[in-house]
Amino acid sequence: MSLLEVKNLHASVAGKEILKGITLTLEPGSVHAIMGPNGTGKSTLSNVIAGREGYEVTKGEVLLDGKDVLAMEADERARAGIFLAFQYPVEIPGVTTSAFLKTALNAKRRAAGQPEIDAMEFLKLVKAKTAVLGMPYDMIKRALNVGFSGGEKKRAEVLQMTMLEPRVAILDETDSGLDIDALKVVSEGVNSLRSPDRAFLVITHYQRLLDYIVPDYVHVLANGRVVASGGKELALQLEAEGYAKYLNTAA
Amino acid sequence: MNALAILDHSFGETYAKRLGVAPWSGALPGPKVEEWRFTPLRALAKVPFVPAPVDAAIGSIPGNVPTIPGAARLVLVNGAYRKDLSDANLGKGVEISQGKVPAKEGSSLVALNAAYAPASLAVHVSGAAKKIIHIISIGAAASTPAALHPRITVTAENGSAITLVESHVGLPGQAYFSNPVTSITVGEGASVRRYVSVDETNEAFHLATTLVKVSGGGHFEAFHLGLGGALTRQEIRIALTGENAEVRLNGAYALSGHSHHDFTTVMDHQVPHCSSSQVFKGVAGGESRGVYQGRIHVARDAQKTDARQLHKALFLSRGPQIDCKPELEIYADDVQCAHGATTGEIDPNHMFYLAARGIDPDTARRLLIEGFLAESMDDISELAVREQFGAALTAWLARYGTAQP
Ligand SMILES: Nc1ncnc2c1ncn2[C@@H]1O[C@H](COP(=O)(O)OP(=O)(O)OP(=O)(O)O)[C@@H](O)[C@H]1O
Ligand SMILES: [Mg+2]
């Protein structure tokens with residue numbers, strides 16, 4: 001069975017149709033990249049899959065292991081294994097990164113019928129994961145994302161992903177804001193999670209990321225539709241030619 | 001305006017009659033007194049309070065009193081010091097005695113306290129106190145609503161240091177009116193930390209006055225927690241009277257149902273080179289009402305004053321009302337003064353972020369509310385108190401819920 005299926009998905013915001021029939025199938029173990037011009041609906045697609053309020057799905061479905069995702073609340077979707085690394089992670093004053101991580105981890109463990117993680121085990125896990133991502137361990141004592149630099153926020157998103165080990169990870173421009181070295185480190189973090197029973201949807205504007213996280217498929221999203229799909233060479237072609245020809249066909 | 005017209009004498013008359021003493025000539029502030037505009041005392045004035053018995057039998061200390069490990073415990077029942085319930089092993093640097101209540105006139109509530117307080121619990125600090133002094137004031141009415149007037153006087157000599165915790169509670173289910181007055185003198189170079197928690201019964205009235213004087217080079221750190229009571233006002237008046245005095249005054253409140261909580265502060269900068277900061281935060285649900293009035297007064301020659309004030313409130317439902325009134329009276333020209341105030345609801349973007357990590361809505365709200373209040377609590381420098389007050393807030397959230405109708 002496919003891991004995640006998006007079938008003919010239509011969604012509107014404030015009465016305006018943004019997604020106009022998107023179909024994507026993510027097999028376990030696969031990495032799909034989505035590229036496309038600004039404002040074409042990439043973040044909208046991620047938000048609709050993750051369950052953000054304010055979007056009206058007018059047609060189509062999203063299935064995780066064949067189960068209706070759209071019928072679930074956002075937190076249920078996350079516990080079922082959907083993870084969204086935000087394009088713009090929000091700052092949450094007063095809530096420490098560590099308290100947040102622990103709460104999220106325990107929510108997942110409880111849902112899986114596992115006991116809560118004990119304090120020592122948790123610290124060990126965070127230490128190991130932050131080290132892999134080249135983050136100072138002390139960062140988890142700070143309020144969640146508050147005052148984090150652009151790149152630090154993106155690393156923190158990937159830290160959360162590596163701790164929560166989702167089934168489907170959607171990375172919405174996780175590469176933007178990262179310096180050249182950080183891009184490499186973060187990509188390695190993502191690659192370390194690649195596994196036969198997990199799938200990735202990687203949204204990016206830059207072919208460079210796909211040198212590190214090598215995708216199986218590349219899709220072009222324009223005007224709320226997937227207008228082209230191909231292998232990783234499609235990204236190279238886009239880099240050279242731009243989106244002009246897709247915008248014409250989509251219009 | 002005729003002073004009589006703005007005061008309500010009925011309380012004093014009724015109360016004195018019940019006491020069987022000559023009618024108390026004082027009065028409660030009426031609705032036209034500006035400082036009491038947001039906290040009307042109509043409901044209080046209607047209750048025929050009797051004087052609370054100073055020898056009331058107490059089975060055990062109420063369970064909502066924070067546990068401060070290693071602290072000396074001084075218990076007041078209906079304002080009277082109760083040796084039998086106290087653990088007055090004070091350690092070095094501190095002595096207590098029972099003194100006369102100073103008759104000095106103050107506000108009408110201070111005068112009311114002076115008229116009826118059984119005695120003043122005087123805490124005298126001569127050096128660096130070894131132990132935390134935990135004063136527990138218990139309201140114990142019998143079957144009739146009763147009034148109590150606890151009085152505490154703290155004198156910290158020059159160069160001394162003390163940490164005080166003050167808990168105001170009542171016997172479950174009882175209606176009473178507590179009118180405590182605490183006056184504190186911080187000597188030159190002395191350091192006083194005072195942590196107050198007001199967690200009265202749902203039927204109780206609590207109108208507290210704190211009067212503080214901070215001398216040159218003195219430090220005063222305070223945190224006030226407001227959790228319970230039908231109507232609570234914590235009025236805190238601080239005078240910085242010597243150069244290089246520092247004050248940090250923070251507080252938090254959590255309101256449910258129809259409860260009413262008022263923080264009124266007056267920060268009086270009388271001399272140059274002093275600093276004060278205030279952070280007050282509140283969460284309000286049900287049909288509750290929260291008030292913050294903060295006055296900062298900077299005298300003409302109090303140059304180089306640094307005075308800051310912040311109030312933030314979070315609505316847990318549509319019903320509550322929050323009144324915030326900052327007043328800056330600045331007569332010096334070379335000063336830094338800032339005030340800020342916000343009110344709002346829980347940010348749906350924050351909720352979604354937590355949901356996207358698998359955290360259910362109730363847990364997410366709790367995390368965000370605790371995080372919101374943390375900004376004022378993080379400055380509590382005494383760890384045991386920070387933990388206990390944090391736990392009290394967590395328990396409050398568990399009891400009343402994070403989303404209130
Ligand atoms: N709440 C909203 N109200 C109105 N329009 C919205 C709202 N949210 C998104 N849109 C619009 O939907 C369109 C798609 O936005 P989306 O964020 O999905 O684009 P994107 O492909 O992720 O772009 P980018 O590459 O710049 O991140 C945009 O035109 C945007 O302005
Ligand atoms: Mg986007």
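Sequence lines set the chain letters: A, B, ... in the order given, protein chains first and strands last, and positions in each chain run from 1. Just so you know, these numbers use all the heavy atoms, side chains as well, and skip hydrogens, waters and symmetry mates. Computed from a predicted structure; not experimentally measured.
Taking OH of B:Tyr353 as the reference point, atom CD of A:Glu157 lies at 3.5 Å (rounded to 0.5 Å). One distance of note links CD1 of B:Ile359 with CG of A:Asn106; it measures 10.0 Å at 0.5 Å rounding. To the nearest 0.5 Å, atoms CZ (B:Arg366) and OG1 (A:Thr103) are separated by 7.5 Å. Rounding to the nearest 0.5 Å gives a distance of 12.5 Å between CZ of A:Arg52 and CE of B:Met351. Within the model, atoms CG of B:Leu354 and CD1 of A:Ile92 stand 4.5 Å from one another, a figure rounded to the nearest 0.5 Å. A:Tyr88 OH to B:Asn349 CG: the interatomic distance, rounded to the nearest 0.5 Å, is 13.5 Å.
Annotation for A:Glu73: atom CD does not count as buried by contact number, only 12 or fewer foreign heavy atoms lying within 6.0 Å. Summarising the local packing, NZ of B:Lys304 is surrounded by 12 or fewer heavy atoms from other residues, nucleotides or ligands at distances under 6.0 Å.
Contact annotation for A:Glu91: only backbone heavy atoms (N, CA, C, O) come within less than 4.5 Å of a heavy atom of chain B. Neither the backbone nor the side chain of A:Leu101 comes within less than 4.5 Å of any heavy atom in chain B. The contact between B:Ala355 and chain A is made by backbone and side chain atoms together, counting heavy-atom distances below 4.5 Å. With a 4.5 angstrom heavy-atom cutoff, A:Pro89 touches chain B via backbone and side-chain atoms both.
Contact annotation: the side chain of A:Val90 never approaches that of B:Phe352 to less than 4.5 Å [non-hydrogen atoms, C-beta and beyond].
Interface summary for chain B: among A:Lys108, A:Glu53, A:Gln160, A:Arg77, the most heavy-atom pairs under 4.5 angstrom belong to A:Gln160.
The minimum heavy-atom distance linking A:Ala107 with B:Gly358 is given by the pair CB-O, 3.2 Å. Of all heavy-atom pairs spanning B:Arg357 and A:Ala85, the tightest one is NH2-CA, 4.2 Å.
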